[in-house]
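Atom set for the values below is all heavy atoms of this structure, side chains included, hydrogens, waters and symmetry mates excluded. All residue numbers refer to positions in the sequence shown, counting from 1.
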Amino acid sequence: MSKVYEIAVQREITPLYLDIKRAVDKGRAVRVEVKSVATKTAAQLGWYWGVVLPRVQQGLEEQGNELSLAEVNAFLNDKFFFTQKTVCWKAGGNEFVQAVRTPRSKSGASKDEMSAFLDKVIRWAAQDLGVFIPSPDEEPPF
């Protein structure tokens, strides 16, 4: 069995360590590969919080939804930045399957993950809210 761990913060090391220790204790060989992944940039976050979120917030307000920037951020994470797992169980002769979505924190996001998230948000805002979000290198027409 092969597992891949992406570690962005200190607390994520423990599960990796425990898996390696169990395997070595059972006499199995373990291969550990260390690669750096470019994390999201300060420019991406600045543009997200300074331009994208306020524009989406305004679009949502025009639809009758009064949300703070933090609430808009949580909404967008739930909609576009999540981990999905499938849970299966049997009860009473029936088999049940349900998808479980867990919003992710952007604290460990890679630059590419953040770009993909921003692209989804921009596309959704344009299509569903009619909100124009300028690119980071454009002068925003406020």
Side-chain angles (χ1 to χ4, degrees), residues 1-26 28-92 94-142:
M1 181 171 78
S2 178
K3 290 186 182 178
V4 175
Y5 289 87
E6 289 190 25
I7 298 173
V9 293
Q10 183 78 23
R11 70 179 180 276
E12 295 173 342
I13 292 175
T14 302
L16 169 62
Y17 169 77
L18 293 174
D19 275 356
I20 291 170
K21 185 174 180 337
R22 277 191 288 273
V24 171
D25 287 348
K26 291 180 180 179
R28 290 187 274 173
V30 176
R31 184 179 124 227
V32 177
E33 183 177 327
V34 177
K35 290 194 280 185
S36 291
V37 177
T39 59
K40 68 197 171 307
T41 66
Q44 283 177 316
L45 282 178
W47 179 63
Y48 174 67
W49 283 93
V51 177
V52 176
L53 280 179
R55 298 265 177 141
V56 171
Q57 180 186 39
Q58 182 180 10
L60 289 169
E61 282 177 0
E62 290 171 5
Q63 302 289 324
N65 303 291
E66 298 231 2
L67 301 172
S68 68
L69 284 181
E71 290 170 327
V72 174
N73 177 52
F75 169 74
L76 293 175
N77 281 353
D78 186 55
K79 190 166 185 60
F80 300 112
F81 204 71
F82 57 86
T83 301
Q84 184 166 314
K85 294 182 180 180
T86 303
V87 179
C88 304
W89 69 94
K90 294 180 182 178
N94 295 318
E95 188 170 323
F96 299 92
V97 178
Q98 183 171 345
V100 177
R101 289 173 34 158
T102 306
R104 291 179 49 204
S105 167
K106 287 185 272 315
S107 66
S110 72
K111 186 176 179 181
D112 291 341
E113 288 173 323
M114 189 68 180
S115 290
F117 167 72
L118 289 168
D119 288 344
K120 289 175 189 174
V121 169
I122 291 166
R123 212 169 311 121
W124 172 80
Q127 291 172 351
D128 290 12
L129 298 179
V131 171
F132 169 74
I133 298 174
S135 70
D137 51 344
E138 289 181 59
E139 189 66 35
F142 285 101

Between Thr41 and Trp47, is a side-chain contact (heavy atoms from CB on, under 4.5 Å) present by the stated rule, with each step listed?
CA-CA 10 Å; Thr41 66; Trp47 179 63; over 6 Å; no

Criterion side-chain contact (heavy atoms from CB on, under 4.5 Å) on Phe82 and Asn77, from CA distance to verdict:
CA-CA 7 Å; Phe82 57 86; Asn77 281 353; over 6 Å; no

Could you go through Leu69 and Asn73, starting from their C-alpha distance and side-chain angles, then the distance that decides it, and tell me whether this counts as side-chain contact (heavy atoms from CB on, under 4.5 Å)?
CA-CA 6 Å; Leu69 284 181; Asn73 177 52; over 6 Å; no

Val56 vs Ile133, test: side-chain contact (heavy atoms from CB on, under 4.5 Å). Steps then yes/no.
CA-CA 8 Å; Val56 171; Ile133 298 174; 4.1 Å; yes

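Of all non-hydrogen atoms in Glu71 and Glu66, the two that sit nearest each other are OE1-O, 4.3 Å. Arg104 and Ala109 make their closest contact through NH2-CA, 4.4 Å (heavy atoms, listed as atom of the first residue, atom of the second, distance). Counting all heavy atoms, side chain and backbone alike, Val131 lies closest to Gly59 at CG2-CA, 3.6 Å.
Of the possible polar contacts, none joining the Gln57 side chain to the Val72 backbone as a donor-acceptor pair under 3.5 Å is found.
The side-chain heavy atoms of Met114 and Leu45, taken from C-beta on, include a pair separated by under 4.5 Å. Using a 4.5 Å cut-off on side-chain heavy atoms (C-beta onward), Leu129 and Gln63 make contact.
A search for ring pair (Phe, Tyr, Trp, His ring centres under 6.0 Å) contacts involving Phe96 returns Trp89, not counting sequence neighbours. Partners of Lys21 under the salt bridge (charged side-chain N to carboxylate O under 4.0 Å, His left out) rule, at least two apart in sequence or in another chain, are Asp25. Listed by chain and residue number, Trp124 satisfy the ring pair (Phe, Tyr, Trp, His ring centres under 6.0 Å) test with Phe75 (two or more places apart in sequence, or in another chain).
One distance of note links CG of Leu76 with CG of Leu67; it measures 9.5 Å at 0.5 Å rounding. Note that OG1 of Thr102 is 13.0 Å distant from CZ of Phe81, once rounded to the nearest 0.5 Å.
Within a 6.0 Å sphere centred on CD of Gln84, heavy atoms belonging to other residues, nucleotides or ligands number more than 12.
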